[in-house]
Amino acid sequence: MNLPVLAGTFSTVLFALGMLPMLLKAARTKDLASYSLSNLVLSNVANAVHSVYVFHLPAGPIWLLHAVYVVASALMLVWWLRYRNVRPGPDGGRPGISGAPAN
């Protein structure tokens, strides 16, 4: 494996690992209030357009990195839309639905 491919592989792993805490926290808490809908939509549109470029490159670490970005931004958008009315309960733990009393 040559140096550029090794560097690309290593950086891809680091970027993917760097996204995991954000995704895990969003999945666990369902609190995406700090995320902007316009940013999430724009990121997904940009990823779709960028896919045309990336997937015309030879297969390599950039494909994996881009796939991670596509999945992460799509998940965040879906979760934002799904959980936009969910907020943490009074104890800060289990989420409750906005306007409904927590159990």
Side-chain angles (χ1 to χ4, degrees):
M1 189 179 291
N2 62 22
L3 184 59
V5 173
L6 185 62
T9 302
F10 185 65
S11 67
T12 294
V13 169
L14 291 176
F15 279 119
L17 288 174
M19 289 186 152
L20 277 179
M22 171 190 69
L23 292 172
L24 292 173
K25 182 178 180 184
R28 186 182 72 248
T29 66
K30 297 175 178 39
D31 180 12
L32 283 85
S34 63
Y35 293 91
S36 155
L37 176 61
S38 59
N39 178 266
L40 293 172
V41 169
L42 191 57
S43 293
N44 279 277
V45 170
N47 276 331
V49 172
H50 196 63
S51 292
V52 174
Y53 168 70
V54 169
F55 296 124
H56 277 85
L57 295 172
I62 192 68
W63 280 35
L64 178 59
L65 178 61
H66 185 64
V68 168
Y69 284 145
V70 167
V71 169
S73 64
L75 273 175
M76 293 298 286
L77 177 58
V78 167
W79 289 341
W80 191 96
L81 293 169
R82 183 172 180 189
Y83 301 125
R84 66 180 172 256
N85 293 327
V86 175
R87 64 174 183 211
D91 64 353
R94 184 177 164 89
I97 302 298
S98 293
N103 294 344

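- A donor-acceptor contact shorter than 3.5 Å is absent between the side chain of Trp79 and the backbone of Leu32.
- With sequence neighbours left out, the side chain to side chain contact (heavy atoms under 4.5 Å, CB included) criterion links Leu17 to Val13, Leu20.
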Apply the test side-chain contact (heavy atoms from CB on, under 4.5 Å) to residues Leu37 and Leu77: give CA-CA distance (whole Å), side-chain angles for both, the deciding distance (0.1 Å), then the verdict. CA-CA 7 Å; Leu37 176 61; Leu77 177 58; 3.7 Å; yes
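- To the nearest 0.5 Å, the span separating NE2 on His50 from CZ on Phe55 amounts to 9.0 Å.
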Worked verdict on Lys30 versus Arg82 for side-chain contact (heavy atoms from CB on, under 4.5 Å): CA-CA 9 Å; Lys30 297 175 178 39; Arg82 183 172 180 189; over 6 Å; no
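- A continuous path of ILVMFWY side-chain contacts below 4.5 Å connects Leu57 to Leu65, so both sit in one hydrophobic cluster.
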Let's go through Tyr35 and Arg84 carefully: what are the C-alpha distance in whole Å and the side-chain angles of both, what is the deciding distance for side-chain contact (heavy atoms from CB on, under 4.5 Å) to 0.1 Å, and is it a yes or a no? CA-CA 10 Å; Tyr35 293 91; Arg84 66 180 172 256; over 6 Å; no
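- For Asn47, the side chain to side chain contact (heavy atoms under 4.5 Å, CB included) test picks out His66, Tyr69, Val70, Ser73, with sequence neighbours left out.
- Sorted by first and then second residue, the side chain to side chain donor-acceptor pair (under 3.5 Å) pairs involving residues 9-24 (not counting sequence neighbours) form an empty list.
- Between the Asp31 side chain and the Ala33 main chain, a donor and an acceptor come within less than 3.5 Å of each other.
- With sequence neighbours excluded, no residue forms a side chain to side chain contact (heavy atoms under 4.5 Å, CB included) with Leu42.
- In the hydrophobic clustering, Phe10 connects to Leu14, either directly or through intervening members, whenever side-chain heavy atoms lie under 4.5 Å apart.
- Residues forming a side-chain hydrogen bond (donor to acceptor under 3.5 Å, both in side chains) with Ser38 (at least two apart in sequence, or on another chain): Ser36.
- Taking the side chain as every heavy atom from C-beta outward, Asn44 and Met76 never approach each other to under 4.5 Å.
- At a threshold of 4.5 Å between side-chain heavy atoms, the hydrophobic network of Ile, Leu, Val, Met, Phe, Trp and Tyr places Trp63 and Tyr53 in one connected group.
- Remark: side-chain polar atoms of His56 are paired, donor with acceptor, to backbone N or O of Val52 under 3.5 angstrom.
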